[in-house]
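We number each residue from 1, following the sequence as shown. Worth saying up front: this structure is predicted, and the values here are computed from it rather than measured.
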Amino acid sequence: MNRKPIFDAVRQLLGRGFRPSDIALLDAAIDRADNDSPVPADLALGEAGRALIRKWEGCARRRSDGRFEAYPDPGSATGEPWTIGWGSTGADIGKGLIWTQAQCDARFDRDIARYVNEVRDAVGDVATTQRQFDALVSFHYNTGAIRKATLTRLHRERRFAEAALEFAKWIYNDGKPLSGLKNRRAEEAALYRA
């Protein structure tokens with residue numbers, strides 16, 4: 001595809017030349033718009049997504065006996081939600097809970113299956129690359145917001161470059177920006193754009 005007419009039109013609309021990041025965003029958007037294949041019904045979390053989630057969630061609070069204990073959310077004033085293993089939360093997780101590595105891994109696998117299904121549902125039949133899907137699952141695993149995020153609406157509208165910019169808006173915990181969330185969202189956006 002000859003991209004020059006597209007770039008010329010956008011340059012004219014903007015009334016300025018492009019920065020390198022503009023070119024990368026436009027190229028990625030054109031590539032994705034040119035891909036009309038729907039999300040496969042069996043699309044699963046890829047290795048890049050699994051690695052990203054595990055990097056940011058960590059399997060924290062390992063005790064000297066090798067097991068893991070639940071801990072309060074470090075960014076929350078109330079400590080809610082309590083977390084264990086690979087970022088697992090829920091009504092069954094609270095102070096004093098202790099799991100083995102196998103329990104942490106099993107819960108992650110069970111939880112991730114739900115998040116994968118929810119993301120697959122949210123994106124519908126929009127052409128979605130494996131890397132976009134992985135980034136969206138990581139985002140949803142951390143925020144639980146795939147159904148209400150503007151990011152999802154923009155993705156469904158195939159406005160991928162704009163959607164990638166939305167990750168950076170999800171950096172707050174209890175109304176305060178957290179550097180860890182800024183860094184995670186930057187990595188998710190980079191994966192989404194790749």
Side-chain angles (χ1 to χ4, degrees), residues 32 37-61 68 70-76 80-94 97 99-160 163-174 178 180-194:
R32 290 188 183 102
S37 58
V39 178
D42 61 348
L43 189 61
L45 182 66
E47 282 309 310
R50 181 175 295 273
L52 182 64
I53 293 168
R54 285 192 166 194
K55 172 188 174 181
W56 285 105
E57 295 297 340
C59 204
R61 296 286 172 100
F68 297 85
Y71 57 92
D73 184 323
S76 167
E80 296 293 328
W82 279 78
T83 305
I84 195 168
W86 300 105
S88 296
T89 61
D92 60 330
I93 297 170
L97 182 64
W99 281 356
T100 64
Q101 181 71 59
Q103 287 173 299
C104 294
D105 294 346
R107 176 62 175 260
F108 177 78
D109 290 341
R110 188 182 88 201
D111 288 348
I112 210 65
R114 177 172 50 92
Y115 286 97
V116 163
N117 287 333
E118 289 172 359
V119 170
R120 193 182 300 127
D121 234 26
V123 300
D125 63 355
V126 174
T128 303
T129 68
Q130 180 66 58
R131 294 175 74 80
Q132 284 176 325
F133 188 78
D134 286 355
L136 292 169
V137 173
S138 176
F139 168 81
H140 185 44
Y141 190 83
N142 182 243
T143 66
I146 198 67
R147 285 190 172 86
K148 68 179 181 180
T150 301
L151 160 63
T152 309
R153 179 180 54 79
L154 292 170
H155 181 85
R156 288 180 59 89
E157 292 171 0
R158 300 175 192 260
R159 295 164 57 190
F160 302 119
L165 298 173
E166 289 293 313
F167 284 95
K169 295 179 179 178
W170 291 83
I171 59 168
Y172 298 92
N173 191 343
D174 277 354
L178 297 180
L181 289 178
K182 286 180 189 177
N183 295 334
R184 180 176 184 157
R185 295 291 105 80
E187 286 191 31
E188 289 167 347
L191 181 61
Y192 183 88
R193 287 185 186 109

Rounded to the nearest 0.5 Å, what's the gap from CZ on R107 to CD1 on I84? Could you check?
-> 9.5 Å
For G85 against C104, the heavy-atom pair lying closest together | CA-SG, 3.5 Å
What one should report as the nearest heavy-atom pair of W170 and F139 is CG-CE1, 3.4 Å
Is a salt bridge present between E57 and R184, judged by a nitrogen-to-oxygen distance below 4.0 Å?
-> yes
Interatomic distance, R159 atom CZ to E166 atom CD [nearest 0.5 angstrom] | 9.0 Å
In chain order, what residues pass the side-chain contact (heavy atoms from CB on, under 4.5 Å) check against K182, with sequence neighbours excluded?
-> I171, P177
Supply the atom-to-atom distance R54 CZ to Y141 OH, rounded to the nearest 0.5 angstrom.
-> 8.5 Å
Provide the closest heavy-atom pair for V116 versus A44 in the form atom of the first, atom of the second, distance.
-> CG1-CA, 4.3 Å
Contact check, side chains of L52 and V137, non-hydrogen atoms, under 4.5 Å = no
Residue pair L43, Q130: steps toward the side chain to side chain contact (heavy atoms under 4.5 Å, CB included) verdict | CA-CA 8 Å; L43 189 61; Q130 180 66 58; 2.9 Å; yes
Taking side-chain contact (heavy atoms from CB on, under 4.5 Å) as the test, write out the residues that go with A189, two or more places apart.
-> F167, R193
Would you call R185 and E188 a salt bridge, taking side-chain N to carboxylate O under 4.0 Å as the test?
-> yes
Pairing residues for E80 by the salt bridge (charged side-chain N to carboxylate O under 4.0 Å, His left out) criterion, not counting sequence neighbours = none
Heavy-atom nearest pair, T89 first then P81, reads CG2-CG, 3.7 Å
Can you find a side-chain donor-acceptor pair between R120 and N117 that sits under 3.5 Å?
-> yes
With side chain to side chain contact (heavy atoms under 4.5 Å, CB included) as the test, would you mind laying out the steps for N142 and L181 before giving the verdict?
-> CA-CA 9 Å; N142 182 243; L181 289 178; 3.5 Å; yes
When rounded to the nearest 0.5 angstrom, what is the spacing between CG in L45 and CG in D109?
-> 10.0 Å
With A122, which residues qualify under side-chain contact (heavy atoms from CB on, under 4.5 Å), at least two apart?
-> I146, T152
Residues in side-chain contact (heavy atoms from CB on, under 4.5 Å) contact with T100, at least two apart in sequence or another chain | R67, A102, Q103
Derivation of the side chain to side chain contact (heavy atoms under 4.5 Å, CB included) call for I53 and I112 = CA-CA 10 Å; I53 293 168; I112 210 65; 3.7 Å; yes
Interatomic spacing from CZ in R158 to OG1 in T128 - rounded to 0.5 Å = 8.0 Å
Should the ring pair H140 and Y115 be called parallel, tilted or perpendicular, given that the plane angle runs from 0 to 90° and is split at 30 and 60?
-> perpendicular
For V126 and Q132, what are the C-alpha separation, side-chain angles and deciding distance, and is it a side chain to side chain contact (heavy atoms under 4.5 Å, CB included)?
-> CA-CA 11 Å; V126 174; Q132 284 176 325; over 6 Å; no
F108 versus S88, closest heavy-atom pair with distance | N-OG, 4.4 Å
Scan for salt bridge (charged side-chain N to carboxylate O under 4.0 Å, His left out) pairs involving residues 127-148, sequence neighbours excluded, and state none if there are none.
-> D121-R147
For A60 and F68, the nearest pair of non-hydrogen atoms, with its separation, is O-CD2, 3.3 Å
